[in-house]
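What follows is a short report on a single structure.
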Amino acid sequence: ININREGQKMKLVVLAMLLTSASADLSDTARDAKALELYLQDRNDHEEYCPHISWQQPDIEAYKKELKSQLPEECKQ
């Protein structure tokens, strides 16, 4: 009986590890999606609201790191 109980505990530990890993992946996916949304919004906003301002859009990695608009302040006013 004790061996079966240990086996059950091990199964629960493995299941918990898998669920934790899956939620971390989901979190990364959600973060990437938000970064892409910000990236595309900045591109559209620059084109629509401040095309006269010279701006080189940063790589998507900058958005993933900070999860905020990368437009210059002059464009946000």
Side-chain angles (χ1 to χ4, degrees):
I1 295 176
N2 212 6
I3 295 173
N4 190 21
R5 196 170 223 183
E6 288 301 315
Q8 290 292 358
K9 285 182 185 177
M10 183 59 86
K11 286 180 185 176
L12 288 174
V13 168
V14 169
L15 180 59
M17 289 171 51
L18 288 172
L19 290 174
T20 301
S21 175
S23 67
D25 289 344
L26 181 59
S27 175
D28 289 344
T29 302
R31 186 174 184 83
D32 289 352
K34 181 64 177 172
L36 180 58
E37 179 184 338
L38 288 165
Y39 178 88
L40 294 173
Q41 187 65 52
D42 274 3
R43 184 169 61 184
N44 289 338
D45 286 352
H46 179 260
E47 198 173 291
E48 186 173 342
Y49 299 113
C50 52
H52 59 281
I53 296 174
S54 178
W55 176 65
Q56 183 70 30
Q57 186 169 25
D59 189 61
I60 189 73
E61 294 304 317
Y63 290 86
K64 289 180 182 181
K65 183 177 179 183
E66 295 190 37
L67 286 184
K68 67 175 193 152
S69 172
Q70 301 295 313
L71 282 173
E73 284 300 318
E74 311 86 66
C75 191
K76 297 177 187 176
Q77 298 174 358

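Keep in mind that what you see is a predicted model, and the values were worked out from it rather than measured. We use all heavy atoms of the structure for the numbers below, so side chains are in, but hydrogens, waters and symmetry mates are not.
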Filter on salt bridge (charged side-chain N to carboxylate O under 4.0 Å, His left out), then keep only pairs touching residues 34-44, sequence neighbours left out; what's left?
Lys34-Glu37

Applying side-chain hydrogen bond (donor to acceptor under 3.5 Å, both in side chains), can you list everything that pairs with Glu66, at least two apart in sequence or on another chain?
none

With sequence neighbours excluded, residues passing side-chain hydrogen bond (donor to acceptor under 3.5 Å, both in side chains) with Asp45:
Gln41

Please name all residues satisfying side-chain contact (heavy atoms from CB on, under 4.5 Å) with Glu47, sequence neighbours left out, ordered by chain then number.
none

Sequence neighbours left out, cut at 3.5 Å: what donor-acceptor pairs do the side chains of residues 48-55 make with other protein atoms?
residue, atom, partner, partner atom, Å
Trp55, NE1, Gln70, O, 3.3

Pairs satisfying ring-ring contact (aromatic ring centres under 6.0 Å, His included), at least one member in residues 56-77, at least two apart:
Tyr39-Tyr63

Can you tell me how far CD1 of Ile60 sits from CG of Leu40, rounded to the nearest 0.5 angstrom?
7.0 Å

Nearest 0.5 Å, what's the NZ-CG distance between Lys64 and Asp32?
4.0 Å

